[in-house]
Amino acid sequence: MGKGKSRALPGGLIVLVLAALIPLVVRGDYHLRVLNMVMLYSIVALSINLIVGFSGQLDFGRSAFVGLGAYWSAILMLRLHVPFLVAFLSAGLFCTLIGAGLGLLCRKSSFDYLTLITIGFNEICRLIFLNWLPVTNGAMGLRRIPAPSLFGFTFDTNVRYFYFSLVLLTLCYVAIRRITKSKLGRAFEAVRDDPIAAAYSGIRVPDYKVLNFALASFFTGIAGSAMVHYTQYASPFNYTLDESIYQLQMAILGGLGSLPGSILGTALLVIAPEISRVFYEYRLMFVGVLMVVMMIWAPNGILGRAGIGERVIGLARFLPMPSRKAARTGGEAR
Amino acid sequence: MFLQYVINGLSIGSVYALIAIGYNMVYGILELLNFAHGDVYAVGCFVTLALIGLKQHVVVAILGGMMAGFTINLIVERFAYRPVRFSGRVTPTISAVGIAYIMRNIIMKIWGPETYPFNIGIKASYFTVGKVVFGTLQIYILLIAVALMIFISLLLKRTKMGQAVVSISQSIPTAALMGIPVNRVIAMVYGVGAALGVVGGVLFCAYYESIFLGIGFMLGTMKAWMSSIVGGIGSLKGAVMGALILGLTESFVSGYVSTVYRDAYVWGVFILFVLIKPQGLFPAQISEKV
C-alpha cells in the first residue's frame, strides 16, 4: 500500500506540474477555453465513473445534477448576491441532498427501475428549468452570471480560470481516488460485482447505493456550478438526456473503473467536436456507434481493466522489439 | 368535462397500448431494456411515409414499413445484442442506447428534423354523445390494440414457435438443451416486436396526423416502457392496461393540474407507482409457467 503510494505520487505530481505549465505554451483564448471545458467535464465524468464504474448502477440522468448545481449557484449569486464560495459549496451540498433523496427512492428498486427513474428525473428537471419562469427565466436562460472570486481575487480571464479548474479537478480527483481506495470504495466494488455476496459479507447494499449516489452528486453539482460561472450563461437546453448520454460515454470511452481514463475519455469527446465541424454534426451518431462497438469488443474502454490500452501493450510485448523487461532479464543473464 | 377527459385519456392510452404490446413482448421474454425499440420502429414509420409519398397503396406502404423494421431489428440483434447477451446488465443496455442513437441519426440524415403530415387514408370523423366528442379513429385503434393482444397471446400459447419463445423466457440454456434454436427464435422475437412497433407507430402518427423524429424515443420507448412497468413486465394484458392508465393520467394532469408540467407530473406519478408496486398491476404469472 505504502509502496504503491510513494510510486504513484511523484507521477501524479509530474503530470500536475506539466499541466500547470500549459498556459505558458498555449496562448490562444479559444484553446484555453477548450482545455477548461475538458477539465470541468472531467469532474462530471469522474462522478459518473464513481456511480457506473465503481458501483455498477446505470445512471442516465447525470446532466440533471449538472443543471441543478449550475442553476442553484447561478440563482444564489444573481438574485441573492451571496459570495461565490457559499454559492459554489452549497450547490454541491444541494446536489448531495437531491442525490441522496433520489438514491433513497431507488434504494429498493432494481437495476431497470433505477435507469428509468434517472431518465424521468432528468426530464422533470429539464421541464422545471424550462418552465419555472420567475426563477430560471425559462428558455431565455440566465445571463451575466458573475465570474467566481475568492478572497478578492476574480477568476475572470481564461488563464486564471485554467488554474481554478486545474486545482478543482485535482482536488476532486484526489478525493474520488481516496474514496475508491478506501473501505467505502471496496464496498462499492463489492456491490457492483455481486450484490448478494456483498450483502452476505455484511455490506448493507441499499445504504451503500444511497451513499454512492449522494457522494457522486456532490462532485457533479460543484462541476455544474464551476461550468456555469465559467460560461456565465445557464440554458435549459444544456441539461438534456442527450447531454447525459454524451457525458456517460466520456466515462465509458476512458474506461469504467479507471479514473485517469475518465479524463482521457472526456478530453477525446470534448476536443474532437472542436477540431472537426463534421464530427460535431455527427457526434451523437458517433457516440452511438462507439457505444455498440465498444460494448462488443472493449466494454472496459481505453484505460479500464483489460481495456484497449492494456491490450495494445500486451500486443507490443509480442513484437520482436526488445521491450524493457526483456532487456533487463537479458542483461542479468549476461 | 370529466367524461371528455376520460375519453381523451383512453384514446391516447390505446395508441400507447399498440406500442407497448410489441415492447412488452420483447421485454418480458428477454429482459433486456430495449432502448432502441422506439427508434427502430420510427425508421419503419418513415419508410411507410416514403412509400405513401411514392403513391403506393397504404397497406403496401405499411407492410413495407413492417418489413423494414423487421429487417433492421434482425441485423441489430445479430450485431449489437447477440454478442453481449450474457455479459451482465449494464453492457447490453448501453449497446441498445447506442443503437437508438444510430437509428435516430439515420432518420435525421435522411428526413431531417421536420414534422411531416401523415395520412393513411382513414378519414378521422367525430360524433358526439351528449357533450362528449368521440373519434372513430380512436375506436379503431383501441380495437386493433385489443385484437393484437389476443392474437399474440394465442400465438404464444397455442403454437410450437410460441411455446419455444415462452421456454426461452424461462431459461436460455435449458431451452437450448431441449433442441430449440435459441438464436433464431430470439432474432424472430426481435423482428416481430419491431414489426408490431411499426404498426403501432403508424397508427400513432395517423392519430396525430403528423410524423417527426421524436416519435421514437420520448413518445415511443419511454411511454411503452412506462406502460409495461405499470401493467406488469411480460404480461400483454398488463401492457394494454398500463398504457390506458398512462393515457388517463396524462389526460387528467393536463386537464386539471398543468399542461406545461404534464410530463413532469406523469413522471412523478410513475416514480411513486414504481416505489409502491414495483411488480406492476398484472405481473406475469411465473409460478404458473414453472
Side-chain angles (χ1 to χ4, degrees), chain A residues 52-53 56-60 102 104-133 138 192-193 240-242 244-246 248-249 252 256 281-297 299-300, chain B residues 27 31-36 39 76 79-85 87-109 217-218 221-222 225-226 228-229 233 258-276 278-280:
Chain A
V52 185
Q57 310 295 309
L58 195 51
D59 182 348
F60 282 134
L102 197 66
L104 279 176
L105 287 183
C106 307
R107 215 166 162 259
K108 288 281 161 60
S109 46
S110 67
F111 176 82
D112 298 9
Y113 297 116
L114 181 79
T115 311
L116 196 50
I117 287 172
T118 51
I119 292 177
F121 182 72
N122 204 332
E123 274 302 291
I124 292 173
C125 285
R126 188 182 66 86
L127 285 168
I128 291 174
F129 297 151
L130 193 58
N131 293 317
W132 197 11
L133 292 177
R192 171 195 67 192
D193 290 339
T240 56
L241 188 62
D242 283 351
S244 290
I245 304 276
Y246 201 69
L248 178 64
Q249 180 59 28
I252 295 173
L256 292 174
E281 277 166 25
Y282 290 97
R283 66 186 188 129
L284 288 173
M285 174 80 147
F286 176 75
V287 162
V289 173
L290 206 58
M291 277 181 163
V292 176
V293 170
M294 282 183 52
M295 283 308 117
I296 296 172
W297 283 293
N300 285 322
Chain B
Y27 191 21
E31 290 177 357
L32 168 79
L33 294 181
N34 194 352
F35 265 94
D39 292 290
V76 164
F79 291 106
Y81 299 157
R82 196 180 295 177
V84 293
R85 193 185 292 153
S87 40
R89 300 292 281 160
V90 176
T91 311
T93 311
I94 293 173
S95 183
V97 173
I99 292 293
Y101 275 90
I102 295 172
M103 291 300 150
R104 201 175 318 160
N105 279 278
I106 288 174
I107 298 176
M108 187 81 176
K109 181 71 196 138
F217 192 72
M218 266 307 159
T221 311
M222 287 295 111
W225 195 359
M226 283 157 93
S228 304
I229 286 178
I233 295 165
S258 156
T259 330
V260 187
Y261 285 115
R262 189 193 73 186
D263 283 353
Y265 277 103
V266 171
W267 273 109
V269 169
F270 171 77
I271 291 175
L272 275 181
F273 180 88
V274 165
L275 295 173
I276 297 165
Q279 72 274 33

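These numbers come from a predicted model, not from an experiment. A, B, ... follow the sequence lines: proteins, then strands. Residue 1 opens every chain.
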Checklist entry - Does CZ belonging to B:Phe273 count more than 12 external heavy atoms closer than 6.0 Å? => result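 Result for CZ/B:Phe273: enclosed.
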Considering only heavy atoms, which portion of [X] lies under 4.5 Å from any heavy atom of chain A: side chain, backbone, both, or neither?
X: B:Phe270; value: side chain
X: B:Met218; value: side chain
X: B:Val84; value: side chain
X: B:Phe79; value: backbone
X: B:Met222; value: side chain
X: B:Ile229; value: side chain

Next on the checklist: Looking only at heavy atoms and a cut-off of under 4.5 Å, which of B:Lys109, B:Met226, B:Met108 has the most pairs with chain A?
Outcome noted: B:Lys109
Taking the side chain as everything from C-beta on, heavy atoms only, tell me whether [X] gets closer than 4.5 Å to [Y].
X: A:Leu58; Y: B:Ile94; answer: yes
X: B:Phe35; Y: A:Ile245; answer: no
X: A:Val289; Y: B:Tyr101; answer: no

Checklist entry - So which of A:Ile124, A:Leu284, A:Leu116 has the biggest tally of heavy-atom pairs under 4.5 Å with chain B? => result A:Leu116
